[in-house]
Structure formats: structure tokens, C-alpha cells
Amino acid sequence: MITRKRLAARACGLFAALAVGLFPASATAADEPTAKEPPKVDLVLDVSGSMRANDIDGGSRMAAAKQAFNEVIDAVPAEVQLGIRTLGADYAGDDRTLGCKDTKQLYKVGPLDRTEAKTAVATLAPTGWTPIGPALLGAAQDLEGGNATKRIVLITDGEDTCAPLDPCEVARDIAAKGIHLVIDTLGLVPDAKTRAQLTCIAEATGGTYTSVQHKAELSGRVRQLVDRAADPVVNPVATEGAKQCAGAPQLKAGLYSDRETFGEHRWYRVDVLPGQELRASVSIGADRAVNNDYGVLLRATTVHGREIVRGSEAGDGRTDVLSTGLRYPKAEVDDSDSDSDAKPAAETVCLQVSNSFSAPTSVKTTPGMPVELTIDLVDGPGDISDAAAFGLGRGWWTLAVLVLAGLLAGLVWGWISRWRISVWRTN
């Protein structure tokens with residue numbers, strides 16, 4: 001019945017498409033596709049005094065950064081809106097209060113004038129402090145508004161000198177706002193402390209960290225990150241799971257983001273029609289120091305609490321992201337048992353996401369760890385070649401095959417044994 005209805009729906013869609021093609025004047029402005037917003041990238045450059053060091057291919061770190069910026073500006077895709085922000089570029093004094101406010105927008109995020117952008121970069125000279133936290137806050141404001149892909153690329157040679165505004169906490173706060181802003185970090189000849197801080201900043205927003213020792217590495221990596229912003233991506237939809245299934249948000253097929261504290265359970269709801277298969281996966285990022293031995297659970301239940309299927313995964317401190325998933329195929333409705341004109345009723349499936357993370361008492365528990373939940377609803381398995389159609393994914397058919405094989409092997413072995421004994425007695 002469902003297959004026939006799908007065929008009918010596709011036929012109607014084809015006729016509708018032909019009608020629109022034959023009568024274009026009847027189309028309205030509302031039918032036209034919405035123009036996609038151009039991606040936005042803000043390059044954040046450290047111009048503190050330490051950038052004078054001459055340890056990158058015989059030249060200064062500042063010279064390597066300028067060369068990389070010029071090459072990137074020349075190669076920026078036309079559809080990318082680029083901006084440049086500096087930190088430590090103006091104040092050379094010893095007043096910490098003033099030094100930690102030294103960040104400014106050198107080139108406004110927008111359509112790129114390559115000559116103007118290069119001229120602005122050419123005027124930079126290593127000067128002051130390293131206020132990474134305030135610079136990240138400023139860059140997030142530079143990128144405010146709209147639903148475009150947004151990326152910050154931070155280039156620095158040292159750790160922040162303006163704590164207690166911890167840049168890692170700033171990155172977590174940016175991620176918690178659900179604005180889908182990714183921060184990538186590049187460390188120029190970094191030490192262990194700088195590497196740890198930049199890694200924490202990047203991981204808090206789903207970005208990447210790269211250690212740079214040479215000019216070619218810096219230019220190539222910055223270009224790669226800017227080009228990545230132009231690639232089409234799916235932005236997760238921010239949602240908030242409930243403590244019980246009864247009040248859980250209703251999700252459709254798509255990608256969702258949430259936050260979950262240590263040892264928390266969160267619930268979501270998905271409607272699955274007969275003949276569909278629910279495929280769900282969840283990833284939880286350990287974006288801070290956690291104790292070893294932890295796990296993630298994704299469980300599907302009925303609205304009455306009966307478990308349908310589950311997926312789980314455990315870790316021991318060797319990974320930053322832990323993922324698991326599940327599949328639930330819902331059988332077709334038999335035409336003989338239902339009214340052919342009635343729409344098949346969907347089953348509400350409750351999804352529970354749980355974790356067993358823990359952390360030392362010195363680690364902050366808020367905001368919660370980042371959660372990414374993927375929901376997909378596809379046509380249910382109806383082919384013999386699909387193991388899920390016969391329950392192989394849950395192991396029952398495997399067990400039945402093994403039992404049957406053991407039974408047949410026992411009968412054959414018994415028959416051979418009796419034949420050997422009878423031959424022995426005859427001889």
C-alpha cells in the first residue's frame with residue numbers, strides 16, 4: 001500500500017513540475033529558491049612582541065605571517081567574505097589593563113578588496129601583549145548575524161597573557177550559544193602550554209589545531225581552512241533534550257546539536273512510519289579533562305518505556321570524541337489488515353542519550369559537553385540481501401543458523417558412527 005502511495009505521489013510531483021515548466025508566468029516570487037548566504041571567515045593574527053623572533057625559515061614569525069596572508073588574500077574564493085582582526089598590534093606599554101584590550105578589526109568582514117586588505121596587513125609590526133580571549137570575543141562579534149558558514153582562523157605564537165579571561169572558556173561559551181561558529185588554531189613554533197591551549201580552543205568549537213614550523217606550512221594551512229569555509233556543509237540545528245520522553249523535542253531527519261553535563265540523560269522523540277527505518281547516531285566530545293573509563297549510550301524505546309534497540313561505546317581516555325548508533329526498521333502495514341484509504345499511523349520512538357563521563361573536581365561542568373545527534377529516516381529493508389530485514393543485526397538469525405548447523409552435524413556424525421560400528425562387528 002505504501003509503495004503504491006509513493007508511486008502516486010511521485011507521479012503527481014512529475015505532473016506538477018511539467019505544469020510549472022509549461023506555465024512559468026504562474027510562478028510567484030515566493031516559489032523562487034532563497035539565495036544562499038556567502039560564507040564568512042575572520043583571520044585573527046597575533047601581532048604581539050614575540051612575533052619578532054627569527055625562527056621560521058631564517059626569517060621572523062611576523063614576516064612568515066604576512067607572506068601567508070598575502071598568498072591567502074590572492075587565492076580567496078570569490079564567494080567568501082573575509083575579514084582580518086589583530087591582537088597586540090597597537091599598545092607597547094606595561095599597563096596590563098590597556099594591553100589586554102589591544103584587539104581591533106583591521107579589515108571588516110565582507111566582499112574582499114585584495115589591494116586594500118594587503119595594504120592593511122603590510123602596516124603591521126610586532127608590538128604588545130597577547131589578548132587571545134578578547135580577540136576571540138571580538139571576532140565572534142565581527143561574524144554576527146545571518147545563517148552563513150562562519151569560521152575564525154587564529155594564528156599565534158604564544159599562549160594568552162590576559163587570564164583570567166581564559167580563551168578556552170571563551171571558545172566554549174561561543175560554542176554554547178549555538179551559532180555554529182568554528183575556530184581553527186595555528187601555533188607558530190609552539191611550546192607545550194601554547195599547544196595545549198590552542199588545542200582546547202579548537203576542540204571546543206569542533207575546529208582543528210595545527211603546529212607550524214615553516215612558511216609553506218602556514219600558507220598552505222590557512223588557504224586550506226579558508227577554502228573549507230566555501231565548501232557546502234550541513235549546520236547542526238540547536239536543540240535541547242528533555243529529562244523525560246514525555247516532554248522531549250520532536251525531531252525529523254537532520255543534524256542536531258545539544259549540550260550534556262557529566263552523567264546526564266537526555267530524551268528526544270522521532271516519528272517512524274511503517275516501512276521506514278530509523279537510523280540514529282550520537283557523538284559526544286570530551287572538550288575538557290575527564291577521568292578515564294567512560295561510555296556513551298543511545299537507546300530507542302517505546303513511549304511506554306519498553307526498550308527496542310540500543311547502541312553503546314566505551315572509551316579509556318585515548319579519544320576526544322565517542323560515538324555510537326542504532327537502526328530500527330519498522331515493518332510494513334499489511335493491506336489486508338488496514339483500510340486502504342487510511343494513512344498509516346506513525347510510531348513515536350523515544351531516543352535516550354546518556355553518558356558516564358566524570359572529571360576531577362577542579363574541572364568545570366558548565367557548559368555541558370557538545371553533543372551531535374544525527375537522525376535519518378529511510379525506506380525499510382525489504383531485500384533478502386539486507387541483513388537487517390532478517391534480524392541479523394540483533395543476532396537472532398545468526399543463533400538459529402548455528403543451532404540448525406549443529407543439529408545437522410550431530411545427525412550426520414551419529415549416522416557415520418553407527419555405520420562404522422556395524423562394519424566393525426561384521427568384520
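With hydrogens and angles disregarded, no donor-acceptor distance shorter than 3.5 Å links the side chain of Asp57 to the backbone of His214. Side chain of Arg266 to main chain of Arg259: a donor-acceptor pair is present (N/O by atom type, distance under 3.5 Å, no hydrogens or angles). Panel note: side chain Thr123, backbone Ala120; a donor-acceptor pair is recorded below 3.5 Å. Of the possible donor and acceptor atoms, one in the side chain of Tyr256 sits under 3.5 Å from a partner among the backbone N and O of Lys252. Between the Trp129 side chain and the Gly49 main chain, no donor and acceptor come within less than 3.5 Å of each other. Side chain of Thr205 to backbone of Ile183: a donor-acceptor contact under 3.5 angstrom is found.
With sequence neighbours left out, Ala289 forms a side-chain contact (heavy atoms from CB on, under 4.5 Å) with Val363. Not counting sequence neighbours, the partners of Lys104 by the side-chain contact (heavy atoms from CB on, under 4.5 Å) test are Thr86, Asp90, Leu106. Glu313 is linked by a side-chain contact (heavy atoms from CB on, under 4.5 Å) to Leu322, Thr324, counting only residues two or more places apart in sequence or in another chain. The side chain to side chain donor-acceptor pair (under 3.5 Å) search around Asp184 returns Arg151, Thr208, not counting sequence neighbours.
Under the salt bridge (Lys or Arg N to Asp or Glu O under 4.0 Å) criterion, no residue pair touches residues 63-72, with sequence neighbours excluded. Screening residues 108-119 for side-chain hydrogen bond (donor to acceptor under 3.5 Å, both in side chains), with sequence neighbours left out, gives Asp74-Lys118.
Put simply, the side chain of Ile155 does not reach to within 4.5 Å of the side chain of Asp46, judged on heavy atoms. When side chains are defined from C-beta on, Leu351 does not count as touching Arg269, because their heavy atoms never get closer than 4.5 Å.
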**Item:** Worked verdict on Gln197 versus Asp160 for side-chain hydrogen bond (donor to acceptor under 3.5 Å, both in side chains)
**Value:** CA-CA 8 Å; Gln197 186 174 82; Asp160 182 270; 5.5 Å; no
- Message: Run Asp379 and Gln276 through side-chain hydrogen bond (donor to acceptor under 3.5 Å, both in side chains) and show every step you take.
- Response: CA-CA 5 Å; Asp379 290 339; Gln276 286 185 331; over 6 Å; no
Show your reasoning for whether side-chain hydrogen bond (donor to acceptor under 3.5 Å, both in side chains) applies to Arg306 and Thr301.
-> CA-CA 5 Å; Arg306 179 179 62 82; Thr301 72; over 6 Å; no
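Across Arg195, Arg61, Arg52, a single residue satisfies salt bridge (charged side-chain N to carboxylate O under 4.0 Å, His left out) together with Asp157, and that is Arg61.
Ring geometry, Phe357 versus Phe262: the interplanar angle falls from 30° to 60°, so the pair is classed tilted.
A donor atom on one side chain and an acceptor atom on the other are found under 3.5 Å apart for Ser358 and Asn291. For the residue pair Gln352 and Ser354, a side-chain donor N or O sits within less than 3.5 Å of a side-chain acceptor on the partner. At a cut-off of 3.5 Å, with distance as the only test, no side-chain donor of Asn355 or Glu264 sits close to an acceptor on the other residue.
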